[in-house]
There are 2 protein chains.
Amino acid sequence: MNNESNPSNFKVDKNQDNTLSGQTTIALREAIVTGKIKPGEKLNEPKLAEQYQVSRGPLREAIRRLVSMGLVEHIPHVGASVIPLELNRIIELYEVREALEGMAAGLAATHMNEQEIADLKKLLVIHRQHCENNAGEYMQTEGDFDFHYLIIKSSRNALLTQQLCNELYHLIRMYRFQTSRFKTRSNRALIEHEQLIYAIENRDPALAELLMRRHISRAKESIKSYLSTEDSN
Amino acid sequence: MNNESNPSNFKVDKNQDNTLSGQTTIALREAIVTGKIKPGEKLNEPKLAEQYQVSRGPLREAIRRLVSMGLVEHIPHVGASVIPLELNRIIELYEVREALEGMAAGLAATHMNEQEIADLKKLLVIHRQHCENNAGEYMQTEGDFDFHYLIIKSSRNALLTQQLCNELYHLIRMYRFQTSRFKTRSNRALIEHEQLIYAIENRDPALAELLMRRHISRAKESIKSYLSTEDSN
DNA sequence: CGCCACTTTATTGTCAACAATTAAGCTAAA
DNA sequence: TTTAGCTTAATTGTTGACAATAAAGTGGCG
């Protein structure tokens with residue numbers, strides 16, 4: 001089997017989740033992150049099973065995985081529901097990010113190799129061009145993710161990477177998606193990224209950690225000031 | 001119902017998990033933490049279902065929860081197994097702890113009330129007596145846990161608390177249990193705890209964070225020097 | 001008219017059988 | 001003897017039905 005013109009073993013990746021529960025997890029996750037299923041909404045098992053064309057078994061498993069990602073809350077004998085969108089939860093997430101990504105930046109400054117630094121700089125160039133063309137308006141979206149993603153992976157700490165890139169990542173995405181109506185000026189973010197790379201290049205873990213923490217803390221304060229003025233339900 | 005001489009609503013706690021999958025999770029978790037199921041060992045579903053007297057459904061759910069706690073690894077179509085006991089994994093865990101508990105200590109210094117500080121001091125008195133009586137030999141076990149637990153809870157950050165006290169907590173316990181043959185001198189830990197309380201009392205978040213991080217970092221270095229000399233499988 | 005208890009309904013938790021996939025064992029050919 | 005391919009066994013993934021629990025609806029009583 002599997003000899004049908006596939007010389008480079010592409011997509012025969014182990015660890016890939018062909019299972020129904022795995023695919024359902026991804027589908028449900030995206031529906032929640034993009035707001036198709038709204039914050040606070042109840043997750044009805046028979047209805048969702050019908051909707052995603054799976055039986056309740058795999059669906060329940062998918063829901064449990066989303067619970068472990070922090071996207072969903074579950075009460076025994078009552079059911080699961082998407083977490084509500086509350087300001088203090090967002091702040092809590094940013095505090096956790098500040099701690100973890102700060103640590104990651106420090107470790108990255110120690111362990112990053114030349115290739116990874118070059119990749120990081122490439123991202124920065126794209127970011128800079130974007131700022132100049134669009135007068136520093138939006139950006140963020142995926143570009144900022146990639147930047148943080150790369151640094152986290154370079155920390156060489158598998159647990160840290162897993163916590164940030166598999167568990168908390170989608171929670172971050174969800175909050176960002178839901179609050180994307182606030183356009184963040186990315187000139188400042190650009191400058192902060194530049195300083196961070198400088199610290200990493202100079203193998204200065206303490207400075208890298210400090211700058212990353214400040215970077216995230218500022219983003220937190222920004223969101224706080226935006227949302228506290230609204231009557232945030 | 002429920003009027004049968006239970007005035008204080010004791011144990012009628014919602015959120016309590018009466019379900020089979022919940023109980024199985026706890027049973028399996030303890031078996032892994034205490035080494036009854038050894039690191040690296042495969043988790044055979046039919047065998048464990050028979051052993052714990054449940055069907056495979058709840059058992060699978062329990063296994064998935066342990067995966068989210070980091071105690072178990074799972075590969076699709078192959079199965080789940082207890083994570084192996086490797087030095088670099090332990091170090092990674094201590095780095096994550098350093099970041100998260102450091103943040104928790106800083107937040108605790110801001111938010112802790114007088115009652116909580118008093119409780120913390122009570123723990124310290126017990127710890128000190130223990131040190132004097134037993135010439136500062138072992139301790140740790142549960143006393144140290146309580147100390148950290150109280151500080152984390154006082155951070156008033158639900159996400160942080162959940163990450164540390166529900167997810168990573170049992171992974172810490174497991175590693176500690178497996179490496180408990182190394183008696184840690186707790187005189188130093190006692191002094192570090194005293195300094196930490198001092199910082200919290202004085203509402204000095206920066207110092208509290210620094211001291212907590214140093215406290216955990218030292219524990220990490222201690223374990224590292226112990227295990228690197230052995231031929232750690 | 002409002003409140004309490006009971007009945008009904010809907011939803012979650014659990015089970016045992018079936019399907020699909022992987023790993024192990026075996027035979028046969030080089 | 002080793003290795004490739006096939007066959008068999010064991011294990012995981014999935015399903016639909018059944019049981020237990022909680023929520024919603026209903027009727028009667030104060």
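All values reported here derive from a predicted model rather than from experimental measurement.
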Atom [atom1] of [X] to atom [atom2] of [N]: distance rounded to whole Å?
X	N	atom1	atom2	result
A:Leu48	C:dT11	CG	C1'	13 Å
B:Leu20	D:dA20	CG	P	11 Å
B:Leu59	D:dT12	CG	P	10 Å
B:Lys47	D:dT12	NZ	P	10 Å
A:Arg65	D:dG13	CZ	C1'	11 Å
B:Ile63	D:dT11	CD1	C1'	12 Å
B:Glu50	D:dT11	CD	C1'	16 Å
A:His77	D:dA20	NE2	P	11 Å

N or O in side chain of A:Lys42 less than 4.0 angstrom from C:dT12 OP1/OP2 = yes
request  = Examine C:dG13: is either OP1 or OP2 under 4.0 Å from a nitrogen or oxygen in the side chain of A:His74? Give yes or no.
outcome  = yes
Give the nucleotide from the list [options] with an atom nearest to the side chain of [X].
X	options	answer
B:Asn44	C:dC15, D:dT11, D:dT14	D:dT11
A:Arg60	C:dA23, D:dG13, C:dG13	C:dG13
A:Arg56	C:dC15, D:dT12, C:dG13	C:dG13

Side-chain ion pair, [X] and [Y], N-O less than 4.0 Å:
X	Y	result
B:Glu41	B:Lys38	no
A:Lys224	A:Glu221	yes
B:Arg89	B:Glu86	yes

key: Residues forming a side chain to side chain donor-acceptor pair (under 3.5 Å) with A:Gln162, sequence neighbours excluded   = none
message = So B:Gly57, base contact, sugar-phosphate only, or nothing? Heavy-atom distance under 4.0 Å.
response = nothing
task = Would you classify A:Leu43 as touching base, sugar-phosphate or nothing, given that sugar-phosphate means primed atoms plus P, OP1 and OP2, and contacts are heavy atoms under 4.0 Å?
result = sugar-phosphate
Geometric class of the B:His193/B:Phe147 ring pair [parallel <30°, tilted 30-60°, perpendicular >60°] = parallel
5' priority, DNA chain D, between B:Gly79 and A:Ser55 [closest heavy atom] = B:Gly79
